[in-house]
Participant: 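Take a look at this one; I'll ask things after.
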Number of protein chains: 2
Amino acid sequence: MAAKAAEKLLIQQSSGPQSRREILDAAARLLKTQGYRATTLRDIAEAVGMKAGSIYYHFGSKNEIVAAVMNDGVDWVFEAVTSALRDLPSSANQREKLVAAIAAHLNALLEYSDYTSACLKSYNDAPDEVRRAARTHRRRYEAIWVKLIDEIVAAKSSPKRVSPDTLRRAVLGMMNWSPEWYRSGRHSIETLAKEFADILLR
Amino acid sequence: MAAKAAEKLLIQQSSGPQSRREILDAAARLLKTQGYRATTLRDIAEAVGMKAGSIYYHFGSKNEIVAAVMNDGVDWVFEAVTSALRDLPSSANQREKLVAAIAAHLNALLEYSDYTSACLKSYNDAPDEVRRAARTHRRRYEAIWVKLIDEIVAAKSSPKRVSPDTLRRAVLGMMNWSPEWYRSGRHSIETLAKEFADILLR
DNA sequence: CCTACCGATCGGTAGG
DNA sequence: CCTACCGATCGGTAGG
């Protein structure tokens, strides 16, 4: 009896880890456009062809889904920028490093990763419990920019009288504001990265 | 009978325009911290010591309140930047104009106007009907920055190879991202404005 | 993984 | 300006 019930469950559900990822993909896509409050479990369920209650077979709560999306989103852009810097020749100068980092960040945010843009869009509206979970990831990512900008300032490649904190906040602001105006196809991320670097460097 | 009912109404309500403005003030304060979806009519009503249904004595809908806040918020920062530029001596150079405009914008966004920050926070989550109403105001405001940045680029005071569009989006991004990290008292808007201008100018 | 449902809350309305 | 209420919708649960 119990075995038969278990068998029935196996037929009704898709392969476990796969639908988990499908749910996160759908949630990321909805979160990046609608934000935390407007994205309902019913929206997510419908996007993956499920009923609302079935989501709880894969996740314990809406916030667990949102937290997973946000953490993955930060980790994704962390990996993108880290590997972009790692792939640079050791002869690369400050400007080339900065352009590579900006391009990788913009690419994750604007083209590649619904997860990264979902995090940016939803972070401030998510409850404290979710934000606390994401904070560790965010700090790890921001450390990349602290180091990069500090190096630039130390090498006197940045404008005089501008503190490292302000310079870092400026570049993050320029980049993270871009979803407000960027249109895929109409703008080139490589060109934007070079322009942003030209603004920031002396 | 009808006169007596009207008299009773007059006793129960505060003076009309005043509570209208109180409602908008409360809505602006809630919208700037919680955003469009999380700000409920019950929140707004409670903040002004009313019951939820009574709000409809002053406004036709939640969206009417939100639209009024957003339009006022853009008009406020428009006036702040316009008068800051007007008050400059005619001998003012590009850098002084840019610093004045940035300081006025940051001041409205970070210190003075709940309405301006409410608009920034809520615009993307508000329904189309509200955004359409605000769009006219936003375009009028953005025209200030188009003109200012175009003048700077024409005077060759900006970095080479950076288009006016990108330079304008960069400064707006730097400024509009500031609510993410700015802490009143710990940062000086005057200092920030000068640093931002130093980043943007050659 | 679905059906059926719960309590809470939302924007808004009727009637006074 | 309040009381009392409406239909819709939310996150979440029980039971299969």
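In this text the structure is predicted, and so the values were computed from the model without any measurement. Just so it is clear, the values below take in all heavy atoms, side chains as well, and ignore hydrogens, waters and symmetry mates. Proteins come first, then strands; the chains are lettered A, B, ... in the order of their sequence lines, and each starts at number 1.
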Participant: Of the non-hydrogen atoms in B:Cys119 and B:Val74, which two are nearest, and what is the gap between them?
Facilitator: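 The pair with the smallest heavy-atom distance is SG-CG2, 3.5 Å.
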Participant: Are the side chain of A:Glu46 and the backbone of A:Asp43 linked by a donor-acceptor contact shorter than 3.5 Å?
Facilitator: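 Absent.
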Participant: Is it the case that the side chains of B:Asp75 and B:Tyr115 hold a donor-acceptor pair, with the cut-off being a distance below 3.5 Å and no angle test?
Facilitator: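 Per modelled atom types, B:Tyr115 and B:Asp75 side chains form no pair under 3.5 Å.
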Participant: Starting at NZ of A:Lys51 and ending at C1' of D:dG16, how long is that distance when rounded to a whole Å?
Facilitator: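 Checked: the NZ to C1' distance equals 17 Å.
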Participant: Scan residues 27-35 of chain A against DNA chain D and write down, sorted by residue number, each residue with any heavy atom closer than 4.0 Å; if none is found, say none.
Facilitator: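 Nucleic-acid contacts, sorted: none.
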Participant: Could you list, one pair per line, each protein nitrogen or oxygen that sits under 3.5 Å from a nitrogen or oxygen of nucleotides 7-11 of chain D, together with the distance?
Facilitator:
{"unit_1": "D:dG11", "atom_1": "OP1", "unit_2": "A:Lys62", "atom_2": "NZ", "d": "3.1"}
{"unit_1": "D:dG11", "atom_1": "OP2", "unit_2": "A:Leu41", "atom_2": "N", "d": "3.0"}
{"unit_1": "D:dG11", "atom_1": "N7", "unit_2": "A:Arg42", "atom_2": "NH1", "d": "2.8"}
{"unit_1": "D:dG11", "atom_1": "O6", "unit_2": "A:Arg42", "atom_2": "NH2", "d": "3.1"}

Participant: Among B:Glu195, B:Glu180, B:His187, B:Met174, whose side-chain contact (heavy atoms from CB on, under 4.5 Å) with A:Arg169 holds?
Facilitator: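 It is B:His187; the other options fail the test.
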Participant: Just wondering, more than 12 heavy atoms not from A:Tyr182 lying within 6.0 Å of its OH?
Facilitator: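 Enclosed: over 12 neighbouring heavy atoms sit under 6.0 Å from OH of A:Tyr182.
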Participant: Flag the pair B:His105 / B:Phe196 as yes when their ring centroid distance falls below 6.0 Å, and as no otherwise.
Facilitator: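 B:His105 vs B:Phe196: aromatic centres not under 6.0 Å.
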Participant: Quick one about A:Asp125 and A:Ser122 (side-chain donor to acceptor, distance below 3.5 Å, no hydrogens or angles considered), yes or no?
Facilitator: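 Checked: A:Ser122/A:Asp125 side chains show no N/O donor-acceptor pair below 3.5 Å.
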Participant: Which nucleotide, in any strand shown, forms a Watson-Crick or G-U wobble pair with D:dG16, with both distances under 3.5 Å?
Facilitator: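 Matched D:dG16 with C:dC1 under the 3.5 Å cut-off.
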Participant: If I compare all heavy atoms of A:Arg95 with all of A:Asp198, which pair ends up nearest, and what's the gap?
Facilitator: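 In terms of heavy atoms, the two residues are closest at NH2-OD1, 3.1 Å.
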